[in-house]
Amino acid sequence: MKDDIPPRLRTDLVARALLRQSGLDGRSAMLLRRGDPDAGGILVILLGRNGEGMVLTQTRTPAGEAAWLRGTGTTPVGAEQIQAYVDRQLKYDPDLWVLEVETVDFSPPFEAILI
């Protein structure tokens, strides 16, 4: 293992931390799907009050830092498009975790590098 690559935390720990951090200000934060506790990826649905939202998916920066990619694009999409995106990702990775967080401005309520 290279010295410059940071160790990765278990996915279940990361998912619980994201939910806890997201709910600190009273917003709704829910676990919709539990994936592999050790190595599953995480999708975070940022859901607006009108039912529109966007999906963030885990990735890494070129330097190896944890980051998030707007999987459904930079503008909010409808519930059907969100579900279609999640379903497609589950076909490729059945170990995914899916979290849903209420948001007003579609920015993540947790520390995140967005790319």
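At a threshold of 4.5 Å between side-chain heavy atoms, the hydrophobic network of Ile, Leu, Val, Met, Phe, Trp and Tyr places L9 and V44 in one connected group. I45 and L19 fall into different hydrophobic clusters, where Ile, Leu, Val, Met, Phe, Trp and Tyr are joined by side-chain heavy atoms under 4.5 Å apart, directly or via other members. Using a 4.5 Å cut-off between side-chain heavy atoms of Ile, Leu, Val, Met, Phe, Trp and Tyr, with links allowed through other members, L18 and L32 fall into different hydrophobic clusters. Linking Ile, Leu, Val, Met, Phe, Trp and Tyr whenever their side-chain heavy atoms come within less than 4.5 Å leaves V77 and W68 in two separate clusters. In this structure, L43 is not a member of the same hydrophobic cluster as V101, with clusters built from ILVMFWY side-chain heavy atoms closer than 4.5 Å.
Nearest heavy atoms, P109 versus L46: CD-CD2, 4.1 Å. Here the closest non-hydrogen pair linking R60 and A66 is NH1-N, 3.3 Å. Nearest heavy-atom pair across W97 and A15 is CE3-CB, 3.8 Å. Summarising the geometry of D38 relative to T11, their closest heavy-atom pair is O-OG1, 3.4 Å, with the distance given to 0.1 Å. Residues R49 and E102 share a closest heavy-atom pair of NH2-OE1, 4.4 Å.
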Side chain to side chain contact (heavy atoms under 4.5 Å, CB included) evaluation trace for T75 with F106: CA-CA 9 Å; T75 58; F106 300 103; over 6 Å; no
Test side chain to side chain contact (heavy atoms under 4.5 Å, CB included) on D12 and V14; report intermediate values, then the result. CA-CA 5 Å; D12 59 342; V14 174; over 6 Å; no
Step by step, would you call L56 with F110 a side chain to side chain contact (heavy atoms under 4.5 Å, CB included)? CA-CA 12 Å; L56 301 179; F110 48 83; 4.3 Å; yes
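Atom CZ of R27 has more than 12 heavy atoms from other residues, nucleotides or ligands within 6.0 Å.
The CZ atom of R70 sits 6.0 Å away from the CE atom of M54 when rounded to the nearest 0.5 Å. One distance of note links CG of D95 with CZ of R34; it measures 13.5 Å at 0.5 Å rounding.
Checked by atom type and distance alone, the side chain of R33 never pairs as donor or acceptor with a backbone atom of L99 at under 3.5 Å. A distance-only check finds no donor-acceptor pair linking the side chain of T103 to the backbone of L47 [under 3.5 Å]. Between the T72 side chain and the V55 main chain, a donor and an acceptor come within less than 3.5 Å of each other. With hydrogens and angles disregarded, a donor-acceptor distance shorter than 3.5 Å links the side chain of Q58 to the backbone of I42. Distance alone, capped at 3.5 Å, is enough to place a donor-acceptor pair between the Q81 side chain and the G78 backbone.
Scored by the salt bridge (charged side-chain N to carboxylate O under 4.0 Å, His left out) test, D36 finds no partners at all (sequence neighbours excluded).
A donor-acceptor contact under 3.5 angstrom links the side chains of D87 and Q83, judged on distance only.
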